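Below: the structure, in structure tokens.
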Amino acid sequence: MKPTFAIVDCNNFYASCERLFRPELKNMPLVVLSNNDGCVVARSQEVKDLGIKMAVPVFKILDKVKRHKIEVFSSNYRLYGDISARVMQTLEQFSPHVEVYSIDEAFLDLSGIAALNDYGQKIRSTVLQHVGVPVCVGIAPTKTLAKLANYAAKKFKATRGVVDLRETERQKRLLKITPVSEIWGVGRKYTLSLQRLGINTALDLAQMNTREIKRLYSVVLERTVCELNGESCIDLEKTSPKKQQIVCSRSFGEKLTHYAGVRTAVCEFAARATEKLRGQNRLALMVNVFLRTSPFDKTGPNYANNATGKLICPSSDTRIIMALVARLFDMIWQEGYRYAKAGVMLGDFCSPDQVQFDLFDRQPDQQQNDRLMQAVDSINQSGRGKIWFGGQRPQQDWFMKQANLSPAYTTRWSSIPEVK
DNA sequence: TCTGGGGTCCTAGGACCC
DNA sequence: TCTGGGGTCCTAGGACCC
């Protein structure tokens with residue numbers, strides 16, 4: 001039997017989250033900014049209609065913000081993460097298999113369900129009622145076509161937010177009027193290259209010879225072509241795959257020039273990354289540190305570098321990983337630059353029960369270390385205070401700019417809204 | 001003045017093996 | 001004159017996603 005996929009995608013997700021607790025902002029223009037209040041990462045419909053593009057630096061649109069009284073928010077990932085979890089939980093009642101694809105999207109297996117258009121409408125109204133976030137639903141025999149159906153559900157108001165794209169004729173009509181750049185898996189580079197070959201619409205791409213596409217591009221794009229033709233190549237991920245790397249990096253609120261400041265930052269990243277690692281119950285063998293100046297900074301020379309090191313045996317101990325991070329940092333640190341960003345990456349993971357201990361490395365009591373790290377994590381997550389290691393200093397000068405942060409409405413007792 | 005953060009997968013090429 | 005073939009593993013870099 002042919003599978004049926006649905007993708008449920010929240011409309012203007014971050015903007016919708018901010019609106020949930022500020023209902024007076026309904027129908028008002030609103031944007032959410034990236035970390036450091038740098039770029040626009042989410043826009044309400046009103047802002048999209050003003051022609052403000054995704055990812056534009058906010059300093060370029062300040063005049064529009066003023067003129068149209070656009071409400072500006074710093075990103076509040078605690079809030080968005082919590083609202084996202086509620087949406088996903090609501091979706092579970094509609095399918096035995098829900099794959100959370102991103103913070104605001106999920107694929108559902110709807111194979112064997114009849115009256116799919118009504119079913120899609122039911123999903124929309126339920127999520128709206130239970131969580132308050134508007135969503136659109138795209139339904140099709142492949143994931144790529146489902147994404148396309150979702151695009152149409154968002155774009156064309158007459159669809160009332162649900163498009164069932166199981167019929168081949170309907171697929172063709174939609175493919176014909178969709179620019180190839182809108183297809184899932186076709187990014188900026190591929191779009192340019194395809195256009196040079198005269199492939200402008202999604203239908204042009206769907207009609208290409210798959211072998212030719214594989215030769216010219218990759219097996220990934222070949223799969224996309226098959227999927228556009230109704231042949232399902234990308235399955236639903238029924239269990240969330242284990243992470244293969246963990247990155248913690250930030251742009252600095254202001255440029256840093258001193259050794260101590262940047263070193264503190266990378267030690268902080270090491271602590272955060274290791275915390276995430278323990279959250280996944282994994283150990284890391286590979287550690288990478290990188291730093292760079294801003295490519296936009298014309299006031300001085302640019303510099304970017306990174307260094308990779310391997311631990312003798314896999315670990316999730318903040319003290320061990322932070323020590324290596326500090327050593328790697330010293331290898332790439334150069335005096336005399338205005339640093340804009342740095343980060344720590346962990347990789348080469350294994351489970352705690354697969355560890356091969358080094359014959360010559362004197363293992364201190366492993367259980368004791370684990371208990372120490374558990375204690376650190378539980379204190380830091382309790383909200384009652386923080387403890388940290390030597391290299392770190394909490395909330396230093398490099399810390400993010402967040403001038404317009406909304407309250408933690410759903411995750412902090414003191415910030416829960418009151419009804420009077 | 002001011003430009004995000006965190007991921008995945010694939011490929012090409014070099015080192016190395018027999 | 002004629003100078004193998006096939007495989008693995010690793011890394012860097014490039015494409016994509018949200």
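What you see is a predicted model; the values in this text were computed from it and never measured. Computed from heavy atoms alone, side chains included, the values below leave out hydrogens, waters and symmetry copies.
- Comparing atom distances between the V219(A) side chain and each of dG4(B), dG7(B), dC10(B) picks out dC10(B) as nearest.
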(request) Go ahead and write out DNA chain B as dot-bracket, 5' to 3': ( ) for pairs within the strand, [ ] for ones crossing earlier pairs, | when the partner sits on another strand, dots for unpaired; Watson-Crick or G-U wobble, both distances under 3.5 Å. (result) ....||||||||||||||
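- Atom pair D104(A):CG and dG6(B):C1' shows a separation of 15 Å (rounding to whole Å applied).
- Each of K60(A) and V247(A) has a nearest nucleotide on DNA chain B; the 5'-most of these lies closest to K60(A).
- Under the 6.0 Å cut-off for aromatic ring centres, Y77(A) and Y14(A) qualify, their centroids lying closer than that.
- Listed candidates were dG6(B), dC18(C), dT3(B). Nearest to the side chain of E105(A) is dC18(C).
- Using cut-offs of 30° and 60° for the angle between ring planes, the Y101(A) and F107(A) rings count as perpendicular.
- Taking atom CZ of R292(A) as the reference point, atom C1' of dG5(B) lies 11 Å away to the nearest angstrom.
- A salt bridge between E227(A) and R223(A) is absent, with no side-chain N of the basic residue lying under 4.0 Å from a carboxylate O of the acidic one.
- Considering only the side chain of K243(A), dG7(B) comes nearest among dG7(B), dT3(B), dC10(B).
- Dashed line: the shortest gap from a side-chain N or O of S249(A) to OP1 or OP2 of dG6(B) is under 4.0 Å.
- Along DNA chain B, the nucleotide closest to K341(A) and the one closest to K242(A) are compared, and the more 5′ of them pairs with K341(A).
- Between L108(A) and the options L236(A), L91(A), I7(A), a side chain to side chain contact (heavy atoms under 4.5 Å, CB included) holds for only L91(A).
- Rounded to whole Å, the distance from CD1 on I61(A) to P on dC2(B) is 17 Å.
- Atoms OH (Y101(A)) and P (dC16(C)) sit 13 Å apart, rounded to a whole Å.
- Using a 30° and 60° split on the angle between ring planes, Y303(A) and Y337(A) fall in the parallel class, below 30°.
- When rounded to the nearest whole Å, the span between CE of M286(A) and P of dA12(C) equals 10 Å.
- Using cut-offs of 30° and 60° on the angle between ring planes, the pair W333(A) and Y259(A) is perpendicular.
- In this structure, F59(A) does not count as stacked on the base of dT3(B) under the 5.5 Å centre distance and 30° plane angle limits.
- In this structure, Y190(A) atom OH and dC9(B) atom P are separated by 15 Å, rounded to whole Å.
- For K298(A) and dT3(B), the NZ to P distance is 12 Å, given to the nearest whole Å.
- Comment: E268(A) does not engage R250(A) in a salt bridge, judged by the lack of any side-chain N to carboxylate O separation of less than 4.0 angstrom.
- Atom-to-atom, CD of Q245(A) to P of dT8(B) comes out at 5 Å; the value is rounded to the nearest Å.
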